[in-house]
Amino acid sequence: MTQYLIRRILWLVPVLFVISLVTFIIMHATPGGPFDLDPTKTSEQIVKRLEESFGLNKPLFLNTAAFQETLAQSGNWLEAIPQLFDAQFENYLGSLLRGDLGPSYRFRGRQVNEIIFQPLAGRPIWESRIGTTAVLGILALLYALAIGIPLGIMAALRQNSWADHLCLFIATVGYGIPNFVLSIFLIIILAVWLDLVKVIELDYWSRWQPWVLPTIVLGTPTGAFLTRLTRASMLEVMRMDYVRTARAKGLMERLVVLRHMLRNALIPVATYVGPALAGLVTGSFIIESQFLVTGIGRLFVESISRRDYTIIMALTLLYALLVALANLGVDLVYVLLDPRIKLGKRGG
Amino acid sequence: MAAVAETHAQPTSLVRAFPTRKPASLWSDAWRRLLRNRASMVGLGIIAFFALVALLAPLIAPHNALQYYAGNTFRAPAWVTLPNDPRTGDWRFPLGTDAIGRDVLSRLIFGTRTSMIVGFIPMFIIVSIGTLIGMIAGFAGGRVDNLLMRFTDVVYAFPDLLFIIIMMTALRDTAIGNLLNGLVLLFISLSIVNWVTVARLVRGQVLSLKEKEFIEAAHMIGASNSQIMWRHLLPNSLAPIIVAAAFAVPQAILAEAVLGYLGLGMRPPTDPNSLFPTSWGCMLLEGRDAINAQIWLLLSPAICIATIMLSFTFMGDGLRDALDPMMRGRS
């Protein structure tokens, strides 16, 4: 078990390495650079200076020029070889290992770490960009759980009744409609036609109202999926022998449902919570842009059009790490909840 | 003579009395189950309708999607009458017009084309690559399997939509990015990230089939590896492949819409004879900017996207239930 865990965690290293390499290559394959639209770009010289100060004038992977120069000057291989790796990608990886995501190219004078993780001066940590996205993700997850699990249980307990069919239909609709289209509908109905809500909220922290729409929109597909998952897993558990045994020994129906069915039926649901949260956090960028939430999703969308390489890299890695950790978490939760499962055994 | 004829007549009449039914195959069974599923038949009908609209777009559309009519900007839909307002509804433009006086309905009809092609072409690529790699990994096993699966793990770890966004932004101005107004680049990006799901599915299927008796029997009678793969393993893994394909199409359509909405989708061409003059994603972006001027510019593509996504979801669900009764009701 421990061995399996260690192997899984170590496997993250090459995965993240390849992801950063691929992102790096794609971004540098693009014509044009981060300073094309820069307001300070008044002459070629300034762009050159900017590139120099960010180390963008160096080669991408192997600095053969510096290597040959040092080798010619000192003739010492040991001194020259580090020069070979004085290139953009290696420098980036180096600072990444030190936990430094580098400087932003467009928020001049600011570090990516600061932009992503630090709130405005004097504000609590959850008001940072990543904190905002996490809060939105957690709210959406809670909403999804609060909707999905009761609906799923209800549908399963009345299998094939009209209530079941209705639940299943609503769940399929909620799962099928993409959340940003759902938000378009809600905005048109609630804001444009009925004039009930304000869509453009600049301050999310003084009131709770602005969170309602983004939470609902983000959480609905997940809630719908959870409904279907809970229902399916309940239906499976209901046919189990231990449920029949529990009934046969005269246990109250309520206790059969609570103690025997729910406990086991919720295992798949519990394992899905981790990936669901990861999905909500990584999938919120379009919702954040729609509702002007200052989270990392909106930052990603804006950085893309600004070609802020370091922020794009940092967020891609962050997202990949989140998804990977969530998938790792699934296996752990499985073991904790179902003692029959053993990890790391072949064929299991 | 007569007696002989009589004795002959008997078996034929017997045959007629007890007609031997062709044994129902797995596929015809599945097809019957699918036909019984009302929701998925409605879905299939809607998909067929959209496909037809996409094919016949030039015949159906009242106007050219890029033709603009002076003095007709932001015209309201036909059923809205605004007295003393030049923007009042006009049946020449059933869903109204956009910021430069182009007919919204015609644009919607031509946009269907783009969405359909974006849905189906990557699906074929994804299914072919995924099946091939999954089959090889599952069948070869050992080191090949390990290598291929580690590779798919890496691709799988990449957040798909982010990868597509990065690709679309970075390679927009290159030669590939310009093919078919950026659609080719979209096909490529979609295919790169999405084949892994199919590959994993097929590999799992092949791994379990490999141990079955009929494969052993095929080995025994001296069937070659490629014969076993294409004659026995592929047809038997077809059911999950079909279901995965049914879900890959709406995913691609959705990706196009998201990209278009972010302004990273296809580049609207200027050539009036272009086959793909606009897309639902592009229309969403235009509609978002005109939300207060002409709401149908945003509402109509949103309704279309929601409808087609729902149709595919219902049809995919039905297909899964039909092809694998054991899976019924599971998500």
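Chain A is the first sequence line, chain B the second, and so forth, proteins listed ahead of strands; every chain is numbered from 1.
With respect to chain B, the highest number of heavy-atom pairs below 4.5 Å among A:L12, A:I188, A:V22 belongs to A:I188. If you tally non-hydrogen atom pairs under 4.5 Å between each of B:L299, B:V155, B:I305 and chain A, the highest count goes to B:L299. Contact count against chain A (heavy-atom pairs under 4.5 Å) is highest for B:L310 among B:L310, B:T313, B:L161, B:I165. The candidate with the highest count of non-hydrogen atom pairs below 4.5 Å against chain B, out of A:I184, A:L168, A:T282, is A:I184. The choice from A:W11, A:F300, A:Y319 that makes the most heavy-atom pairs within less than 4.5 Å of chain B is A:W11.
A:I286 touches chain B through its side chain: at least one heavy atom from C-beta onward sits under 4.5 Å away, while N, CA, C and O do not. Contact of B:A39 with chain A is not made at all, since no heavy-atom distance falls under 4.5 Å. Heavy atoms closer than 4.5 Å to chain B are found in both the backbone and the side chain of A:I19. Within the 4.5 angstrom heavy-atom criterion, atoms from both the backbone and the side chain of A:V173 approach chain B. Only the side chain of B:L284 comes within contact range of chain A, judged by heavy atoms closer than 4.5 Å. Contacts of A:A324 with chain B are absent, with no heavy-atom separation under 4.5 Å from either backbone or side chain. B:L207 does not touch chain A: none of its heavy atoms, backbone or side chain, sits under 4.5 Å away. Both the backbone and the side chain of B:I166 come within contact range of chain A, judged by heavy atoms closer than 4.5 Å.
Cation-pi geometry between B:R107 and B:W280 is not met at under 6.0 angstrom from the ring centre and within 45 degrees of the axis.
Residues B:F314 and A:Y175 keep their aromatic ring centres 6.0 Å or farther apart. Checked against the 6.0 Å centroid criterion, the rings of B:F312 and B:F247 do not qualify as a close aromatic pair.
Between A:R228 and B:D317 a salt bridge is recorded (basic side-chain N to carboxylate O distance below 4.0 Å). Of the charged side-chain nitrogens involved, at least one lies within less than 4.0 Å of a carboxylate oxygen, so that B:R200 and B:D153 count as a salt-bridged pair.
Partner of A:V281 under the side chain to side chain contact (heavy atoms under 4.5 Å, CB included) criterion, out of A:L218, A:L322, A:I130: A:L322 alone.
A donor-acceptor pair shorter than 3.5 Å can be found between the side chains of B:R150 and B:N146. For B:E256 and B:T114, the side-chain atoms include no donor-acceptor pair closer than 3.5 Å.
In plain terms, the two heavy atoms of B:L298 and B:R288 that are nearest each other are CD1-N, 3.8 Å.
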